[in-house]
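Below is one structure, written out as structure tokens, with a few remarks after it.
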Amino acid sequence: MIKIRHTGLVTYNLKKSLTFWNKNLKFKIKKRIIESGPLIDKVMGYKSAKVETVKLIDYKGMQLELLHFKNSPKIKNKIIKPYSKGFTHISITVKNIVGIYKMLKKKNIKFNSKPLKSADGMVLMTYCQTPEGAYLELVQEIK
């Protein structure tokens with residue numbers, strides 16, 4: 001392995017997700033395209049797939065890919081919890097966790113707790129729910 005390329009996050013409301021990641025957390029839009037055709041059908045595993053993808057990038061180059069499927073097959077929505085099996089959250093390092101926490105709370109973003117000091121005392125951390133129902137861990141390193 002060379003490195004992790006990006007994290008993909010499926011959203012039902014692309015506008016709301018872009019507000020959360022782009023406007024609130026300052027991820028920049030790197031690329032935005034609508035994909036369809038035989039290649040996407042094969043990769044996604046269903047016919048006539050149509051997906052809008054928005055690649056976002058943070059100031060250090062970490063990539064996040066938002067995927068909005070225009071016509072995906074209906075599946076039961078699995079509720080994700082921080083303790084669910086499999087991938088459960090994305091973690092980002094921030095400079096001012098208290099300021100970001102207060103700003104997002106004012107915008108009705110749900111948090112599990114206020115920022116708390118980790119058991120080892122090295123970071124402040126908290127979890128909030130993204131518009132997709134996944135979790136975002138905010139971490140501020142304590143110097």
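Below, all heavy atoms of this structure are taken into account, side chains as well, without hydrogens, waters or symmetry copies. Just so you know, residue 1 is the first one in the sequence shown, and it goes up from there. The model shown is predicted, which means the values in this text are computed figures rather than measured ones.
- Using a 3.5 Å distance cut-off with no hydrogens or angles, the side chains of T11 and N13 do not pair a donor with an acceptor.
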Donor-acceptor pairs under 3.5 angstrom involving side-chain atoms of residues 91-107: please list them, not counting sequence neighbours.
{"residue": "S91", "atom": "OG", "partner": "E137", "partner atom": "OE1", "Å": "3.1"}
{"residue": "N96", "atom": "OD1", "partner": "G99", "partner atom": "N", "Å": "2.9"}
{"residue": "K107", "atom": "NZ", "partner": "N24", "partner atom": "OD1", "Å": "2.8"}

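- Less than 6.0 angstrom separates the ring centroid of H89 from the ring centroid of Y127.
- Taking OG of S48 as the reference point, atom CG of N71 lies at 7.0 Å (rounded to 0.5 Å).
- V123 and L25 are assigned to two separate hydrophobic clusters, defined by single-linkage of ILVMFWY side chains at heavy-atom distances under 4.5 Å.
- In the hydrophobic clustering of this structure, L124 groups with I109; members are Ile, Leu, Val, Met, Phe, Trp, Tyr whose side-chain heavy atoms approach within less than 4.5 Å, directly or through other members.
- No side-chain heavy atom of W21 sits less than 4.5 Å from a side-chain heavy atom of K26.
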Original post:
salt bridge (Lys or Arg N to Asp or Glu O under 4.0 Å) between E35 and K50: does it pass, once the steps are laid out?
Top reply: CA-CA 6 Å; E35 300 176 89; K50 188 173 183 181; over 6 Å; no
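- Rounding to the nearest 0.5 Å places CG of N22 at 11.5 Å from OG of S17.
- Between Y46 and S72, the closest side-chain pair of non-hydrogen atoms falls below 4.5 Å.
- Scanning both residues, T130 and F20, for their nearest heavy atoms gives CG2-CE2, 3.9 Å.
- Under a hydrophobic clustering in which Ile, Leu, Val, Met, Phe, Trp and Tyr are joined whenever their side-chain heavy atoms come within less than 4.5 Å, directly or via other members, F27 and I90 fall into the same cluster.
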Subject >> From CA spacing to verdict: side chain to side chain contact (heavy atoms under 4.5 Å, CB included), V51, I34 >> reply: CA-CA 6 Å; V51 59; I34 295 177; over 6 Å; no
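- Residue K31 places its NZ atom among 12 or fewer non-hydrogen atoms of other residues, nucleotides or ligands, all under 6.0 Å distant.
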Subject >> Audit row: R32, L14, side chain to side chain contact (heavy atoms under 4.5 Å, CB included) steps and yes/no >> reply: CA-CA 11 Å; R32 186 175 187 160; L14 187 56; 3.7 Å; yes
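- Taken together through direct or relayed side-chain contacts under 4.5 Å among Ile, Leu, Val, Met, Phe, Trp and Tyr, F69 and V43 form part of one hydrophobic cluster.
- Looking at every heavy atom in both residues, A49 comes nearest to I40 through CB-CG2, 3.8 Å.
- Residues satisfying the side-chain hydrogen bond (donor to acceptor under 3.5 Å, both in side chains) test with Q140, not counting sequence neighbours, are none.
- In this structure, L138 is not a member of the same hydrophobic cluster as Y135, with clusters built from ILVMFWY side-chain heavy atoms closer than 4.5 Å.
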Subject >> K117 vs I142, side chain to side chain contact (heavy atoms under 4.5 Å, CB included): CA-CA, chis, key distance, verdict >> reply: CA-CA 9 Å; K117 190 180 281 190; I142 299 172; 4.0 Å; yes
Donor-acceptor pairs under 3.5 Å, side chain of residues 56-67 to any protein atom, not counting sequence neighbours: which ones?
{"residue": "D58", "atom": "OD1", "partner": "K60", "partner atom": "N", "Å": "2.9"}
{"residue": "D58", "atom": "OD1", "partner": "G61", "partner atom": "N", "Å": "2.8"}
{"residue": "D58", "atom": "OD1", "partner": "M62", "partner atom": "N", "Å": "2.7"}
{"residue": "E65", "atom": "OE1", "partner": "H6", "partner atom": "NE2", "Å": "3.0"}
{"residue": "E65", "atom": "OE2", "partner": "K55", "partner atom": "NZ", "Å": "3.3"}

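- Sparse packing is recorded around CD of E141, with 12 or fewer heavy atoms of other residues, nucleotides or ligands lying under 6.0 Å away.
- Between E132 and Y12 there is no side-chain heavy-atom pair separated by less than 4.5 Å.
- Summarising the geometry of S113 relative to T126, their closest heavy-atom pair is O-OG1, 2.6 Å, with the distance given to 0.1 Å.
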